[in-house]
Amino acid sequence: MTQSILIIDDEEPIRDAFELALEDEPYIVVTCSNGREGLLEFEKNQPALVLLDLKMPEMDGVEVLRNIREANTEVPVYIVTAFQTEFMDDLKAAANEGLTFELAAKPLTDEEIRTIVGEALS
């Protein structure tokens with residue numbers, strides 16, 4: 001069975017970059033443009049991996065992470081952001097709550113994206 005990857009990011013060029021980096025890989029890639037849409041997709045399809053932006057309108061990535069962890073504590077979640085400094089207190093609080101995640105800094109090269117995905121799903 002082919003593993004699916006859920007990408008939640010409000011910036012279309014970022015979603016497109018992830019899709020392009022993974023287009024020749026054996027995964028189903030699903031993208032969502034906001035946290036609420038991403039959570040609905042997560043609940044519906046239970047992806048093998050989530051790549052999650054932090055800074056999004058309506059619902060930020062930490063709130064999305066909390067909701068994902070309520071539903072599933074096992075699926076790997078990579079928070080991919082250019083705003084790790086701005087959100088450091090929120091990320092520390094999430095970690096102190098026992099919410100597990102990995103952190104990657106934007107921008108990522110195609111090779112970095114494939115490496116993250118390959119390691120998370122191996």
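Just the heavy atoms: all of them, side chains too, but no hydrogens, waters or symmetry mates, feed the values below.
- Separation of atoms CG (N34) and CG (L40) is listed at 9.0 Å; rounding is to 0.5 Å.
- Linking Ile, Leu, Val, Met, Phe, Trp and Tyr whenever their side-chain heavy atoms come within less than 4.5 Å leaves I28 and L20 in two separate clusters.
- The two atoms that bring A71 and F42 nearest to each other are CB-CE2, 4.1 Å, heavy atoms only.
- Closest approach of Q3 and A48 over heavy atoms only: CB-CB, 3.9 Å.
- Residues M59 and Y78 do not share a hydrophobic cluster, clusters being chains of Ile/Leu/Val/Met/Phe/Trp/Tyr side chains in contact below 4.5 Å.
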- request: Could you check R66 against D60 for salt bridge (charged side-chain N to carboxylate O under 4.0 Å, His left out), going step by step and ending with a plain yes or no?
  value: CA-CA 10 Å; R66 282 191 181 99; D60 69 36; 5.8 Å; no
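- Once rounded to the nearest 0.5 Å, the distance linking CG of L39 with CD of E70 reads 9.5 Å.
- Looking at every heavy atom in both residues, D10 comes nearest to P57 through OD2-CD, 3.5 Å.
- Considering only heavy atoms from C-beta on, V50 stays 4.5 Å or farther from F101 through its side chain.
- L49 and L99 end up in different hydrophobic clusters when Ile, Leu, Val, Met, Phe, Trp and Tyr side chains are linked at under 4.5 Å.
- Between L6 and V29, every side-chain heavy-atom pair lies at or beyond the 4.5 Å cut-off.
- In this structure, Q84 and A105 approach most closely via the heavy-atom pair NE2-CB, 3.3 Å.
- F18 places none of its side-chain heavy atoms less than 4.5 Å from the side chain of T31.
- The line from CD of E43 to CG of N72 is 11.0 Å long, rounded to the nearest 0.5 Å.
- More than 12 heavy atoms of other residues, nucleotides or ligands sit less than 6.0 Å from atom CD of E23.
- To the nearest 0.5 angstrom, E25 atom CD is 11.0 Å from I113 atom CD1.
- The closest side-chain heavy-atom distance from I8 to D53 is not below 4.5 Å.
- Here the side chains of R69 and V77 are in contact, with some heavy-atom distance below 4.5 Å.
- A pairwise comparison of heavy atoms in L54 and F83 identifies CD1-O, 4.4 Å as the closest pair.
- Residues L51 and M56 do not share a hydrophobic cluster, clusters being chains of Ile/Leu/Val/Met/Phe/Trp/Tyr side chains in contact below 4.5 Å.
- Every residue meeting the salt bridge (Lys or Arg N to Asp or Glu O under 4.0 Å) condition with K44, not counting sequence neighbours, appears here in chain and number order: E41.
- Counting non-hydrogen atoms of neighbouring residues, nucleotides and ligands closer than 6.0 angstrom, the CD atom of E74 reaches no more than 12 such neighbours.
- Nearest heavy-atom pair across A17 and D110 is O-OD1, 4.3 Å.
- You'll find the side chain of E86 stays beyond 4.5 Å of the side chain of L91, heavy atoms only.
- Taken together through direct or relayed side-chain contacts under 4.5 Å among Ile, Leu, Val, Met, Phe, Trp and Tyr, I116 and Y27 form part of one hydrophobic cluster.
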- prompt: Please walk me through it: do T100 and T73 pass side chain to side chain contact (heavy atoms under 4.5 Å, CB included)?
  reply: CA-CA 8 Å; T100 57; T73 59; 6.0 Å; no
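- Taking 4.5 Å as the limit, every side-chain heavy atom of E102 sits out of range of all side-chain heavy atoms of V80.
- Atom CG in L52 sits 6.5 Å away from atom CG in L65 (nearest 0.5 Å).
- Taking CD1 of I14 as the reference point, atom CD1 of I7 lies at 10.5 Å (rounded to 0.5 Å).
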task: Run the numbers on S33 and R15 for side-chain hydrogen bond (donor to acceptor under 3.5 Å, both in side chains), then give the verdict.
output: CA-CA 8 Å; S33 61; R15 295 190 309 269; 4.8 Å; no
